[in-house]
Each structure stands twice: as structure tokens, then as C-alpha cells.
Number of protein chains: 4
Amino acid sequence: MESGNSFYELFPDAKNFSQTKMDIFKSAIQLFAKSGYSNTSTNQIAKTAGISEALIFRYFKNKKGILQAIIDPIANNILPDVLREFSREILHRQTANLNQFLNLVVNNRIKFFKANFPVIKIYISEILYDDSIRKQVLNAVPRDVYQDFNDEINYLKQNNAIIQWDNNQIFRFIFSNIFGYLVSHYVVFPNQEWNEKVEVSNLIDFLARGLDPVK
Amino acid sequence: MESGNSFYELFPDAKNFSQTKMDIFKSAIQLFAKSGYSNTSTNQIAKTAGISEALIFRYFKNKKGILQAIIDPIANNILPDVLREFSREILHRQTANLNQFLNLVVNNRIKFFKANFPVIKIYISEILYDDSIRKQVLNAVPRDVYQDFNDEINYLKQNNAIIQWDNNQIFRFIFSNIFGYLVSHYVVFPNQEWNEKVEVSNLIDFLARGLDPVK
Amino acid sequence: MESGNSFYELFPDAKNFSQTKMDIFKSAIQLFAKSGYSNTSTNQIAKTAGISEALIFRYFKNKKGILQAIIDPIANNILPDVLREFSREILHRQTANLNQFLNLVVNNRIKFFKANFPVIKIYISEILYDDSIRKQVLNAVPRDVYQDFNDEINYLKQNNAIIQWDNNQIFRFIFSNIFGYLVSHYVVFPNQEWNEKVEVSNLIDFLARGLDPVK
Amino acid sequence: MESGNSFYELFPDAKNFSQTKMDIFKSAIQLFAKSGYSNTSTNQIAKTAGISEALIFRYFKNKKGILQAIIDPIANNILPDVLREFSREILHRQTANLNQFLNLVVNNRIKFFKANFPVIKIYISEILYDDSIRKQVLNAVPRDVYQDFNDEINYLKQNNAIIQWDNNQIFRFIFSNIFGYLVSHYVVFPNQEWNEKVEVSNLIDFLARGLDPVK
DNA sequence: TATGAATGAGCCTTCATTCAT
DNA sequence: AATGAATGAAGGCTCATTCAT
């Protein structure tokens, strides 16, 4: 997977944005990520975008409308795409090598996360308090993707390449460790230096050992 | 330390709170956890507590003062306690049994988290955007506790009871998995049922295997 | 005149004040003088007096009531008394010596002003904005005193001891210079040192020469 | 300097004020002068100006900001100008005629005061209680002007045209009498008629005689 | 398209005052 | 006599949003 470095991959609709709308959009992302949605005023967005405050409301219905323009694509397009790709990668390779599988997944996700950190940060904070957004996440996992993922894990299990635990939990272990790695480095200690190569390698090693079927 | 169910363990100062102050305090926790600090008005807090808005400011200096009364104890008391306990448990037992150690820590933390979920949720969301609160976390780890913790990991290493990785990263693995377990169950999928016993047992197993020194 | 050093001379009613009422009263004077009536809260008064805020309203009807208790005596008793004394001093002495007259008046007023500076400052600021207080001042000059004063100036005129100007204006010259001397030293430049003896002597000299009938 | 009747002479910055900002500004002056700064609410200002309360804060940073827009020009421009004029008048004329000098200064100041009475009233009341404003007055006298003024008085002294008193005190005598004249007529007895020509003439005469070097 | 002007609603906070004890 | 608890009213100020141009 050529992971999410491109802005338009993340926001396909944004291709049709005028320059001005784009300025507003990007300013909002930047400010929401820095201070949070509630702590960002339309006035600040306008100033950062270099346009008048009133203009915001020509391009977006609401202040909330900007937030949704940021968040909706993730739940509706990006997340399903990512997951679809996630399973396709594995399926295509038909590999039963756990280590290789984890290597792929982890690095992929980390790249994606790093490339889209601001938007993800906005997403996280909104998930905490907005029920409707939380529901979007659940619905964002398409049924077929879910099936694919299960198939793959099952395939690994059949090949005795992964531990015989509940598939959901396996997924959560993988996800938690990737997410924990990222959050601790990018959110909690953003100013601290670290040796990424070693840590990621250890992370994969750790997962591989934890999920290894052999006692 | 018999961790986490009691309200007064979390907020030792609250023992001296009058009924009214407690009403305000609990209403604030409830509302902040539900909607976030910024989206909660002092007017709402007053109504929920069943008192007049003005009264809030007799018991707390500021709206921000309420938030701090919620957050400070965690950074100043709870977090140091947890970490101290974390290392003491090992010291007292003089054991280098990784599995036993993890069992203790994990279960303890989960109980604590479940009991204090609302407050922790508030904490998480503020950490995202408030630098000063983020700094509090860093300073919340007392130097001696940090030393103790390192000594213990080193002790485990000497006894070949844990993998030879950077101590900080080892801590992050443990923390990430506990935290990931909790967040996925309590924050992301709060309405979904699951077999806690099995999952926690697996979680410990997973950690133990991942941190096992034997390849 | 044994000028206004005594508190009870200024506030005869205060003799009947209980200790607590007196504490409130004095605290109010002190705070009103320092920050102004509007910028002083009943809370501050209570704290300064070392009593509870509620108690203020047992001893005074209102916050405004405290101000009136401070201001009324001046207009109703003190000012008339002072003026009465003012003329009596001169009349009794039956002097036609301008210099001696001024000496007496100036020093008297300065002593009075210095002794009662806080109250006078409150008075000044209220006179600026409160019509009813301004009216009190006008009515504070009793008709007979006014007559006495005029008689004396006339007497000085007959003896060719003072210039032949309108009596009111002569009074204003005297008053302005005394007042100007005090305000500049005590209100505008309260932290600056000065040689009082010389300045007062010059002030009298200045007035004497300005009002001297001889060209 | 053709002193004092024009609004824009007093507030040069006001030339750039929009109609609305001017409405707010003038309403504030009117209300502050009538009731004092503390007793005037932004709500009242808005109503008097015929605009919404929120609009005030688009044109002025603060409520305090309005006060400063009223007060600052006096300390920063008017006062230095007046003092500069004060000394320049004498310099240019190369005269040591005290009477002529006083005539000029007094009349000029009186015109100025009358034209700008409300603003001056605001100024007076704030000087009583606001330390920072009091300090502004001190700093409002530029060093060179202060030097010029002293030079001039010294020049008059050398020509034996003025009495040999401390320069500061001489200034205070002049200022006190002008100020006293104005306050008594405009503040204390605003409704009383008087013969201005005669009184001002006497005022100058009085000063001239009081400061005359000849005993 | 773009803006400056304007506002209603709401927010946090203070304050004088009342009441039960 | 004295207080702590409590509040209604108002104050300054911010903010998202509308409107005329």
C-alpha cells in the first residue's frame, strides 16, 4: 500500500475545493489539531487563512460543518479503504509468516499515522464526546473487509502461524500497540527524541512473540 | 495499596468538601466526562448540582479551578502512588517472576481505570490540548519512583526474567496494552459485551510472552 | 480653633457606635479613600474589619448607607462648624491685619485637611458625580456664617487691609490656593518630599501680596 | 497653539474614527463625565450610542480601553503641548513681562478647560484612585519641556520679573489658581452666574501681584 | 467572490444582599 | 450579635452567525 501521504487521498472531495475553501480547510485542521475544536474560534480560522470571517460561512454551513468536512471522509472513505487495503495486502501475498505480516502492518500504519497526525488528533478528541462520530467508526468497517480480515487471521491460524485467540482480541493487541507507540511518542512526549528504527523493530518483535502460537 | 474503587482514594482532599461543594464537584466530573470541559458551562454545572451559578465561585476560584481540582490529584497523588506501588510490589516480593508481576499490575490498573473512568476520560481529553497539563504528567513521576522503577526492571533483567530492552519502552509496552484494552472496551465500544476474564488473562499472557527474555 | 484632629469631632454620631460598627466604619473610610466607593466591595470591607460580610447589613442599611454615614456629618455638621469657627476666629480678634488673618486661616485649614485627608478625598470624588451631595455642600453654609464672613471681609476692606474685590472671589482665591497646595502634595504627588514650612510661608506671603490693597 | 475649542485638537486620533466608533466614544465621554467610569456600564454606553453592546469590543479592546482612549491623549499630547506652549510663548516674545505672560497662559487654559470640561472631569476623578494614571501625569511632562520651563522661569528671575521662589512652587501657584477658578465655577457651582471678564482679570492681577518680585 | 459592520445569545464572574441558624 | 450559605441581578466580554454592499 502506498500509504496516506497525499492530502487528496485523505480528502478526495478536497480536489474540488477552491483555493479559498482549501485555505479555510487547512487552517481549520491546523488549529483544531493544535487547540481543539471548541477552543478554536472562527475568527482565528479566518485570520490563519487570511480571509474574512464571513467568508467561512459561504464555504461551510457551520463551524460544525468544517469539523464534519474533516471527519466524515475518514469514517466514510479513508477508514474503509485502509481496512480494505489492509486485508488485500495480506490476502494477495498469501503468506503465513506472522513476522512478515506484522512488519507490513505496523510500518504501514505508522506511516499513515505520522502523515495524518493532525487529523487523527482531531478525530481522537471528537470520538471522546461525540456519539454520532463514535457510531461512524463502527459503521466504517465494511462487512466484506471484516470478513476478509477474519479470513486472513483464520488462515494464519490454520497454518499455525498465530495464536488461537479470539480474532477481535488479536486485532486489538496489534492496534493497541501501534496506537500506544504513536500516542506516547507524538501526543504525550512530542518533544522527546527517540530511536525510531529500534523501537519499531522491537514493537514488531514484541507483537510477534506475544502472538506466536508456540509457547 | 488496595487500589481504585473509592472516590476518596482518588480525591483525598474531597473528604473535607461540604455537601454543596461535593455536588458541584461531582456534577462537573459528570458533565466534563460527558461533553468535555469546553462544552460544559458553569450554568449547566449549577443546574445539575441544583444550586445557583454564583455559588460555584464561592467553592472554586474559577471554572478552570474545578478542572484542576479534578485533574491535579491524579498528577500529584494518584500517578506517583501508582508508580510507587508498581515498583514496590516487586521489591517486597523479592521475586523475579514476570508473570506474577504482570498479573498484579494489570488487574490493579484495570480495576482502577474502571472505577474512575469519567475522571480519566477528562484527563485524556485535556492532555491532548493543554500543554501545562501535559507537563504535569511529566513532573508527576517523582525522581525516586523513577529510580525505583528502573532498579526493578534492571533487577528483572539481571535475573534474566525480562527482555533486554530499553526500560522506557518496556514500560510503554505494558502501559499501551493495558490502556489499549481499556480504551477499546470502555471508550470505543462501550456497549459491546465481552469475556473479561479470558481477555485479561490473555492480555497478561501476551505481555509475558512478548517480554520473555527467552527467544 | 482646635482643629479636627479628633475622630469624634468629625463624626459625633460615631460615639454611639459599637466596636463592631466602628470597625466597619473605619475600614470603609480607609478603603473608600484608597480605591473609591465604587471600587470597594462589601467583601473587602468585611475582611478589613475582620467581621462577616452579612454583619455589615445589620449595622448599615446599605453599602450606600456607609457612604452616607461618612459624608453626611461633614455636610451637616462639620462644614457648618468649621465655617462658623472660621468667621468667629476673625471676628473675635477684631484684627485688620491681612497677613495675620491669612496665617491663621491657612494653617488652620491645612491642619484640618491633613487630619481628615481620607474622608475629604472620599468627599471630593463623590462631589464630582452625585448631585445630591453637591447640593448638600451649598446648604452646608449657614446663612449667619455667610453673613459673618462677609462682615469680616468688609471690615478688612474698610480698614483698607484687603483689596476691593468681590467677597466671593476673595474667598475663592484663598480657598483655591489652600486646596491647590494640599491636592498637589497629598493627591497628585503623594510620594514626593517637600519643605512644608517654607512652602506654607510662601503660600501665605503669596496670598497676602495678591490680596494687598496697595498696588 | 490656538488652544482648545476643537474636539480633534483634543483627540487627534479621533479623526480616523468611523461614525460608529465616534458614537461609542462620545457616549462614553458623556456617561463617564456624568456618572463616573465605574458607575457606567458598557450596556449603557451601547444604548446611548444606539448600537449593540458587542460592537463596543470591536472598536475598543476593553471597557478600560475606552477610558484610556479618552485619557491617554491628554497625558501624551495635550499636557506636553500645553507645557511646551507655556514656555515657548515666553521665549518667542523675548519678554520678561510677567503680566502679559500670565494673561496669555490663563486665558488660554480657561478656554481649553471650558471646551473640554467633561474629559477633564473624567481625568480628575481617575487621578484620585488610579495609580497608573497618576504616573502618566508625571511622565507626561517631557524632559525638554521641563527644562524649557525652568529656563524660562530662571530667565524671568534673572530679569527680576518674578519672585525668587522654587520653580515648582511658582508653577503650582499658577496652576492652583487657574484650576481653582475653574473648579469652583464649573464643578462646585455650575448653575451660578458670574462676571467672567472681571474675575479672570482679577485672577491675573492677583497672580501678578503675588508673584511680583518687588515687595 | 469577498468583506466590514453588526448582533443575539451565551459565558464566566462579581457583588450586594437575604436568610436560617 | 454574628455567621456561613446562598442567590438574583448585573457586568464585561466572546463568539458564531447574518446582512448589506
Side-chain angles (χ1 to χ4, degrees), chain A residues 18-21 23-24 37-46 49-67, chain B residues 18-21 23-24 37-46 49-67, chain C residues 18-21 23-24 37-46 49-67, chain D residues 18-21 23-24 37-46 49-67:
Chain A
S18 72
Q19 182 59 45
T20 306
K21 184 164 189 179
D23 289 346
I24 297 170
Y37 171 76
S38 296
N39 302 315
T40 301
S41 70
T42 50
N43 180 27
Q44 285 173 69
I45 298 174
I51 48 98
S52 80
E53 209 175 344
L55 201 53
I56 291 175
F57 297 90
R58 185 165 291 277
Y59 288 106
F60 299 90
K61 193 194 168 200
N62 267 351
K63 188 190 168 192
K64 194 97 193 175
I66 315 178
L67 181 63
Chain B
S18 72
Q19 183 59 44
T20 305
K21 182 164 189 179
D23 289 346
I24 297 170
Y37 171 75
S38 296
N39 301 314
T40 302
S41 72
T42 50
N43 183 22
Q44 283 173 67
I45 297 173
I51 48 97
S52 80
E53 207 176 344
L55 200 52
I56 292 176
F57 298 91
R58 199 158 276 282
Y59 289 105
F60 298 90
K61 195 194 168 202
N62 268 352
K63 189 191 168 192
K64 193 96 194 180
I66 314 177
L67 181 63
Chain C
S18 73
Q19 182 59 44
T20 305
K21 183 163 188 178
D23 289 347
I24 297 170
Y37 171 76
S38 296
N39 303 315
T40 302
S41 70
T42 50
N43 181 26
Q44 284 173 68
I45 297 173
I51 49 98
S52 79
E53 209 175 344
L55 202 52
I56 292 177
F57 298 89
R58 185 164 291 278
Y59 288 106
F60 299 90
K61 192 195 168 202
N62 267 351
K63 189 191 167 192
K64 194 95 193 177
I66 314 177
L67 182 62
Chain D
S18 71
Q19 183 59 46
T20 305
K21 182 162 189 180
D23 289 347
I24 297 170
Y37 171 76
S38 296
N39 302 314
T40 302
S41 72
T42 50
N43 182 22
Q44 283 174 66
I45 297 173
I51 47 99
S52 80
E53 206 177 344
L55 200 52
I56 291 177
F57 299 92
R58 199 159 277 282
Y59 289 105
F60 299 91
K61 195 193 168 201
N62 268 351
K63 188 191 168 192
K64 194 99 194 177
I66 315 178
L67 181 63

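Below, read A as the first sequence line, B as the second, and so on, with proteins coming before strands; counting in each chain starts at 1.
Distance Tyr37(B) OH to dC11(E) P: 13 Å, rounded to the nearest Å. Separating the CZ atom of Phe57(A) from the P atom of dT17(F) is a distance of 5 Å, rounded to the nearest angstrom. Computed from coordinates, the Glu53(C) CD to dT3(F) C1' distance equals 11 Å when rounded to whole Å. Following rounding to the nearest Å, Asn39(A) (CG) and dA16(F) (P) show an atom-to-atom distance of 11 Å. When rounded to the nearest whole Å, the span between CG of Leu67(D) and P of dC13(F) equals 12 Å. Separating the OH atom of Tyr59(D) from the P atom of dG4(E) is a distance of 11 Å, rounded to the nearest angstrom. Atom pair Ile56(C):CD1 and dC15(E):C1' shows a separation of 12 Å (rounding to whole Å applied). Whole-Å rounding puts the Gln44(C) CD to dT14(E) C1' distance at 11 Å.
For the atom pair NZ of Lys21(C) and CG of Leu55(C), the computed distance is 11.0 Å after rounding to the nearest 0.5 Å. Taking CZ of Phe60(A) as the reference point, atom OG1 of Thr42(A) lies at 13.0 Å (rounded to 0.5 Å). Between the NZ atom in Lys64(C) and the OH atom in Tyr37(C) there is a gap of 5.0 Å [rounded to 0.5 Å].
Residues Leu67(B) and Asn62(B) fail the side-chain proximity criterion, which asks for heavy atoms closer than 4.5 Å.
Between Gly50(D) and Ser38(C), the residue anchored closer to the 5' end of DNA chain E is Gly50(D), taking for each the nucleotide with the nearest heavy atom. Judged by closest nucleotide on DNA chain E, Ala54(D) is the one of Asn62(C) and Ala54(D) placed further toward the 5' end.
Among the atoms of the strands shown, base atoms are found under 4.0 Å from some heavy atom of Thr42(A). No engagement by Phe60(C) is indicated, since no non-hydrogen atom pair under 4.0 Å with the nucleic acid exists. Within the 4.0 angstrom heavy-atom criterion, no nucleotide atom of any strand lies near Ser18(C). Backbone-only engagement by Thr40(B) is indicated by non-hydrogen atom pairs under 4.0 Å involving sugar-phosphate atoms exclusively. At a threshold of 4.0 angstrom between heavy atoms, the contacts of Ile51(B) are confined to the sugar-phosphate backbone, with no base atom among them.
In this structure, of dT1(E), dG8(F), dT3(F), it is dT1(E) that holds the atom nearest to the side chain of Arg58(A). In the set dG12(F), dT7(F), dG8(E), dG8(E) carries the atom at the smallest distance from any side-chain atom of Ser52(D). With distances taken from any side-chain atom of Ser41(D) to the nucleotides dG4(E), dG12(F), dC15(E), the minimum falls on dG12(F). Here the side chain of Asn43(B) is nearest to one of dA2(F), dC11(E), dT13(E), namely dC11(E). When the nucleotides dA6(E), dC12(E), dA16(F) are ranked by their closest atom to the side chain of Thr20(D), dA6(E) comes out on top. Ranking dC19(E), dG11(F), dA2(E) by closeness to the Leu55(A) side chain, first place goes to dA2(E).
Counting all heavy atoms, side chain and backbone alike, Ser38(B) lies closest to Ser38(A) at CB-CB, 3.4 Å. Contact record, Ile24(A) with Ile56(A): CD1-CA, 4.0 Å, taken as the closest heavy-atom pair. In terms of heavy-atom proximity, Lys63(B) sits nearest to Thr40(B) at NZ-O, 2.8 Å.
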Intra- and interstrand pairs of DNA chain F - dot-bracket, Watson-Crick/G-U under 3.5 Å, | marks other strand: .||||||||||||||||||||
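Distance alone, capped at 3.5 Å, places no donor-acceptor pair between the Tyr59(C) side chain and the Ile66(C) backbone.
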